[in-house]
Amino acid sequence: MTEPDFLTETRAFYDAIAADYTDRFRDALDATPMDRAVLALFAELVRAERTDAKVAELGCGPGRVTGHLHRLGLDVRGLDLSPRMIELAREAHPEVPFTVGSLLDLPFRDGELTGVVAWYSIIHTPAERLPEVFAEFARVLAPGGHLVLAFQVGDVPLRLERPFDQPVSLDFRRLRPERVEELAREAGVPVTSRTVREPGPEEKVPQAYLLARKPV
Ligand SMILES: C[S@@+](CC[C@H](N)C(=O)[O-])C[C@H]1O[C@@H](n2cnc3c(N)ncnc32)[C@H](O)[C@@H]1O
């Protein structure tokens, strides 16, 4: 079957910028206490559900968030479309398993995971394909399992041209939290908590964090 263009473009974009992205964002969590707080809450919720909870960061890039969750004591693995990102994630976090794969076809069994993290990773999927991504999240989550999402808030996509001077460009889709909530609810993983924070010094738009849980 032929791959949709948006996946080919996303992979090429992140393969091209993987090394620069890794350098730029390696320590970014140190400067974002809200991100750390939401991830800590997620880790606590997941552990309360099952002490041996299995978690995956889907669209993990160079694994900075996956590595953080590992340090918080979770049994976590990472998945990303970009083979170059996965190489760099393995180098930076040799203790964490990483796999190349797609949000649209997750290599996990039904109900295998107690936690799913989608940290700025649903933002390159066209709106009409997002229900399939959420259906995959719902499929791989066990009853009682938790989903956490982070994304930029808005309606107008940002076209990033030649980032880090690399000859690539890609749309970064901003999303309305209400729409993302609807997608989660329709997939069977209703939202339990919503936070929107104002933009930081280097950000142009508010940032949203949603937690959702598959009913027991
Ligand atoms: C903005 S980066 C965020 C990376 C990481 N979560 C972080 O916070 O640093 C988005 C990542 O999602 C991945 N991604 C986007 N669409 C994907 C898809 N359909 N399947 C798998 N990975 C995807 C990209 O390859 C990229 O590494």
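No experiment lies behind these values; they were computed from the predicted model shown. Numbering of ligands and ligand atoms starts at 1, following listing order.
- Atom CD of Glu161 sits in a crowded spot, with more than 12 heavy atoms from other residues, nucleotides or ligands closer than 6.0 Å.
- Arg173 and Thr125 get closest at one heavy-atom pair: CD-O, 3.3 Å.
- Cluster annotation: Val191 is connected to Val189 through the hydrophobic network of ILVMFWY side chains, with a link wherever side-chain heavy atoms come within less than 4.5 Å.
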So what's ligand 1 close to, N/O to N/O, under 3.5 Å?
unit_1   : atom_1 : unit_2 : atom_2 : d
ligand 1 : 6 (N)  : Glu57  : OE2    : 2.8
ligand 1 : 6 (N)  : Gly59  : O      : 2.8
ligand 1 : 6 (N)  : Trp119 : O      : 2.8
ligand 1 : 8 (O)  : Arg64  : NE     : 3.4
ligand 1 : 8 (O)  : Arg64  : NH2    : 2.9
ligand 1 : 9 (O)  : Tyr21  : OH     : 2.9
ligand 1 : 9 (O)  : Arg64  : NE     : 2.6
ligand 1 : 20 (N) : Leu103 : N      : 2.9
ligand 1 : 22 (N) : Leu81  : N      : 3.3
ligand 1 : 25 (O) : Asp80  : OD1    : 2.6
ligand 1 : 27 (O) : Asp80  : OD1    : 3.2
ligand 1 : 27 (O) : Asp80  : OD2    : 2.7

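- Closest heavy-atom contact between Lys204 and Arg174: CB-NH2, 4.2 Å.
- Follow the hydrophobic side-chain contacts under 4.5 Å out from Val96 and you never reach Leu39; the two are in separate clusters.
- Every residue meeting the side chain to side chain contact (heavy atoms under 4.5 Å, CB included) condition with Pro97, not counting sequence neighbours, appears here in chain and number order: Arg77.
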